[in-house]
Amino acid sequence: MLSEQELIRRESLQKLIDYGINPYPAQEFNRSHFSSEIKENFNEGEKVIIAGRLLRRKIQGKASFGVIQDSKGKIQVYFNRDTICPDENKDQYNTVFKKWLDLGDFLGIEGVVFKTMVGEITVEVQKFHLLSKALKPLPMPKVDKDGNIHDAFNDPELRYRRRYVDLVVNEQVKDTFVKRSKIMSSMRNFLNAKGYLEVETPILQPIPGGAAARPFITHHNSLDIPLYLRIANELYLKRLIVGGFEGVFEFAKDFRNEGMDRTHNPEFTQMEIYVAYKDYKWMMNFTEEMLETICLEVLGTTEVSIGDNKVNFKRPFKRISMLDAIKEHTGHDLSSMNESQIRAVCKELGVEVNETMGKGKLIDEIFGEKCESSYIQPTFITDYPVEMSPLCKKHRDNPELTERFELMVNGKELANAYSELNDPIDQKERFEEQVKLAEKGDDEAMFIDHDFVRALEYGMPPTSGMGIGIDRLVMFLCNQPSIQEVLFFPQMKPESKSASKKLELTENEQIIYDIISKRKLMDLVELKDLCGLSNKQWDKGIKSLGKQNITKVVKTDTGLTVEYIQ
RNA sequence: GAUUCGUUAGCUCAGCUGGUAGAGCACAUCCCUUUUAAGGAUGGGGUCCUGGGUUCGAACCCCAGACGAAUCACCA
């Protein structure tokens, strides 16, 4: 069902066509300037050709002001009837411009730059060309002198579902995505400059490996096998290190079939990098250098506001081992405790645990509950328990720990890195432990990837690998509280199809219709009784019939009568 | 998954104790030649999220459902 405004626009469209104007012309439109160039280099009297969307229009008789928005911003345009129509025929202004154009249409404009009396840089239109007609009205937010936004288009659901509209009317949304793109190219440039190779590895994987997560599953018809959408690309990148590359990285879309909230989308982007002959200590230096460089390139500063916090990405970042972090925050030194002692600590601290958790998992729980959220400034948490990290080398000094770090920022994990496990026999055993977990019902335990073990058997040099969540990094650097704000098209439930046409009468309407269409005219109360419907059903039915112009309720001296309209 | 709040015109939102739905912007008609969110006059526009129920009467009360947001839980 079209709204009145949409119907009017379709009529205007037809009138334009009848008048001989093609509302969707094919040919290229050559511009001389972007809006920003005109404003940055004001040059009174300069002839310019611009193009964009008509976003505001104020008609005041023979003159009108408008605003054209192009990809670089907005600029005011001035339409004067006698400039546009120097001859007798004033159609171009009076009819084409005033009556048949609408807000949202794309126009090409040839004109001259000047400043209005109020001092705003403006293009006086000499000729305008319709480049594309818009049939739906855009929301029209306005900003007043005090910076208040009126009629803001700010319903998150509508904004995400119609991101194209969001981008047109909310400039700051565009800024976020421009920044996202800059962050990614800055990171890519940094990695390329270090001499590492950007690669692409399979998204459809027969064995989803490299992380603990539930995968999406699909099916390949001609092979007749299940395939999984990748949850990580770690195992493939490490195969490439086996193959002899010095360093490889990939910006990877990963997919995890888990809950959605403001920090989790089913598909998200991770950058993973693996560098031969390095360890996790080297990777810490590398990571902080990369992040500092990106901040300076994209923001011009290492200082970032994230919510109420000020975060500084200036090197060096704080480093602390997980056990030291726990000691610092709880006063408990777990380093020499056994499992039952740690379990007692959990109880004392009020950390919820269950019987299936081993020593490592207990330590991880304590850290997650008591420490994680307090690391606002970038901090490397190092040396995780071995059970939590089946792809990571055991610590050189302590076999219960691994050479692993996570980078915490604003109380959240941003990056995760290892000295990669390259002992094939150890790797196979760790996989087998995961299988035992799976048999116990852990639906996130890893599958055994025999080919990956085989690759390690051919020999992988010592390697350090790191994964960094791009969406989360963008959230931090753009100070956005939700992942949906940094994804163009966040996953959403499908729109309901309740808009399905209701041309036919409902059951209740049909009952009323059957009676009144034979009698043509009758008393309302009598009709209602004859129908035998409940009050609500009657009320809805008769109102709906009235709206569809099938019946009409007429008030008379004696009461109400219902009339059937042919 | 739990709790709370919300869903009314194209957009942003009012709508009291239940009594036939309102405003601003946008739209339409007319007037207006340099305006700064908003010039003037007039007018049109509604599945009050959906379905039931209570009631003489429901946008409003009750039940069920859909969708969304926030918080929490779970999860990287």
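It should be emphasised that the depicted structure is a prediction, and the values quoted were computed from it without experimental measurement. By convention in this document, chain letters (A, B, ...) are assigned in the order of the sequence lines, proteins followed by strands, and residues within each chain are numbered from 1.
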Visitor: Considering residues at least two apart in sequence or located in another chain, which fulfil the ring-ring contact (aromatic ring centres under 6.0 Å, His included) criterion with A:Phe65?
Guide: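 Testing A:Phe65 for ring-ring contact (aromatic ring centres under 6.0 Å, His included), a comparison that skips the adjacent residues, returns A:Tyr78.
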
Visitor: Between B:A58 and B:U47, how far apart are the C1' atoms? Round to whole Å, please.
Guide: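 After rounding to an integer number of Å, I get 15 Å for this pair.
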
Visitor: Base, sugar-phosphate, or nothing: which does A:Ala212 touch, judged by heavy atoms less than 4.0 Å apart?
Guide: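 Sugar-phosphate contact only.
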
Visitor: Rounding to an integer number of angstrom, what distance separates B:U12 and B:A59 when you compare their P atoms?
Guide: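 Straight-line distance between the two P atoms is 23 Å.
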
Visitor: For nucleotides B:C63 and B:U20, find the distance between their P atoms and express it as a whole number of Å.
Guide: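 25 Å, rounded to whole Å.
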
Visitor: Would you indicate what A:Glu11 reaches in the nucleic acid, counting non-hydrogen atoms under 4.0 angstrom: base, sugar-phosphate, or nothing?
Guide: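 Nothing: the residue A:Glu11, judged by heavy atoms under 4.0 Å, touches no strand.
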
Visitor: Under the rule for side-chain hydrogen bond (donor to acceptor under 3.5 Å, both in side chains), what residues qualify as partners of A:Lys370, not counting sequence neighbours?
Guide: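 Partners of A:Lys370 under the side-chain hydrogen bond (donor to acceptor under 3.5 Å, both in side chains) test: none.
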
Visitor: Between B:C75 and B:U4, how far is it from one P atom to the other, in whole Å?
Guide: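 It works out to 24 Å between them.
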
Visitor: For the C1' atoms, the ones on B:A21 and on B:G57, what distance do you get once it is rounded to whole angstrom?
Guide: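 Per the computed distance, 15 Å lies between those C1' atoms.
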
Visitor: Only pairs with both distances under 3.5 Å count, Watson-Crick or wobble alike; so what is the partner of B:U7 in this structure?
Guide: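 Across all strands, the one nucleotide that pairs with B:U7 is B:A66.
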
Visitor: Return the pairing partner of B:U33 with a 3.5 Å limit on both distances, Watson-Crick or G-U wobble; otherwise return none.
Guide: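 B:U33 is paired with nothing.
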
Visitor: What is the distance from CZ of A:Arg162 to C1' of B:C11, rounded to the nearest Å?
Guide: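 So the two atoms are 11 Å apart, to the nearest Å.
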
Visitor: Between the protein and nucleotides 69-74 of chain B, list the N/O to N/O atom pairs that are separated by less than 3.5 angstrom.
Guide:
unit_1, atom_1, unit_2, atom_2, d
B:U71, OP2, A:Arg262, NH1, 3.4

Visitor: Do the side-chain N and O atoms of A:Ser464 and A:Glu420 include a donor-acceptor pair separated by under 3.5 angstrom?
Guide: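 No donor-acceptor contact under 3.5 Å links the two side chains.
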
Visitor: Measuring only the C1' atom in each nucleotide, how far is B:C13 from B:G46? A whole number of Å is fine.
Guide: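 Between the two C1' atoms, the distance is 15 Å.
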
Visitor: For residues 109-120 of chain A, which residue pairs qualify under side-chain hydrogen bond (donor to acceptor under 3.5 Å, both in side chains), counting only residues two or more places apart or in two chains?
Guide: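 Those involving residues 109-120 of chain A are A:Glu110-A:His129.
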
Visitor: Test of understanding: with ring-ring contact (aromatic ring centres under 6.0 Å, His included), list the residues that count as partners of A:Tyr93, not counting sequence neighbours.
Guide: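 In terms of ring-ring contact (aromatic ring centres under 6.0 Å, His included), with neighbours along the sequence ignored, A:Tyr93 is linked to A:Phe97.
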
Visitor: Work out how far the P atom of B:A9 is from that of B:U50, and round it to whole angstrom.
Guide: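 Taking atom P in both B:A9 and B:U50, they lie 11 Å apart.
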
Visitor: Please name all residues satisfying side-chain hydrogen bond (donor to acceptor under 3.5 Å, both in side chains) with A:Arg56, sequence neighbours left out, ordered by chain then number.
Guide: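 A:Arg56: no side-chain hydrogen bond (donor to acceptor under 3.5 Å, both in side chains) contacts found.
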
Visitor: Who are the side-chain hydrogen bond (donor to acceptor under 3.5 Å, both in side chains) partners of A:Asp82, not counting sequence neighbours?
Guide: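 Here the qualifying residues are A:Lys90.
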
Visitor: When you compare B:A26 with B:A66, how far apart are their C1' atoms, in angstrom units rounded to a whole number?
Guide: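 Rounded to whole Å, the distance is 29 Å.
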
Visitor: For this output row, return yes or no: ring centroids of A:Tyr280 and A:Tyr418 closer than 6.0 angstrom.
Guide: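 A:Tyr280 vs A:Tyr418: aromatic centres not under 6.0 Å.
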
Visitor: So, using side-chain hydrogen bond (donor to acceptor under 3.5 Å, both in side chains) as the criterion, who are the partners of A:Ser35 when residues are at least two apart?
Guide: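 Expected list: A:Asp70.
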
Visitor: Of all residues at least two apart in sequence or in a different chain, which pass the ring-ring contact (aromatic ring centres under 6.0 Å, His included) check with A:Tyr19?
Guide: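 For A:Tyr19 the ring-ring contact (aromatic ring centres under 6.0 Å, His included) partners, ignoring immediate neighbours, are A:Trp100.
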
Visitor: Pick the nucleotide of RNA chain B nearest each of A:Asp144 and A:Phe268; which residue has the one closer to the 5' end?
Guide: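 Its nearest nucleotide being more 5', the pick is A:Asp144.
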
Visitor: Looking at residues 87-94 of chain A, who's got a heavy atom less than 4.0 Å off RNA chain B?
Guide: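 Per residue number, the list is empty: none.
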
Visitor: Return a single string for nucleotides 23-35 of chain B, one symbol per nucleotide in 5' to 3' order, where B is base contact, S is sugar-phosphate-only contact and - is none, cutoff 4.0 angstrom on heavy atoms.
Guide: -BSBSS-S-BBBB

Visitor: Could you walk me through whether A:Lys74 and A:Glu171 satisfy the salt bridge (Lys or Arg N to Asp or Glu O under 4.0 Å) test, starting with their C-alpha distance in whole Å, then the side-chain angles of each, then the deciding distance to 0.1 Å, before giving a yes or no?
Guide: CA-CA 10 Å; A:Lys74 296 176 187 166; A:Glu171 280 173 74; 3.3 Å; yes

Visitor: Check ring-ring contact (aromatic ring centres under 6.0 Å, His included) between A:Tyr228 and all other residues, then give those that pass, not counting sequence neighbours.
Guide: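 Counting only residues at least two positions away or on another chain, A:Tyr228 forms a ring-ring contact (aromatic ring centres under 6.0 Å, His included) with A:Phe447.
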
Visitor: Report which part of the nucleic acid A:Ala213 touches: base, sugar-phosphate, or nothing (heavy-atom distance under 4.0 Å, all strands).
Guide: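 Nothing, no heavy atom under 4.0 Å.
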
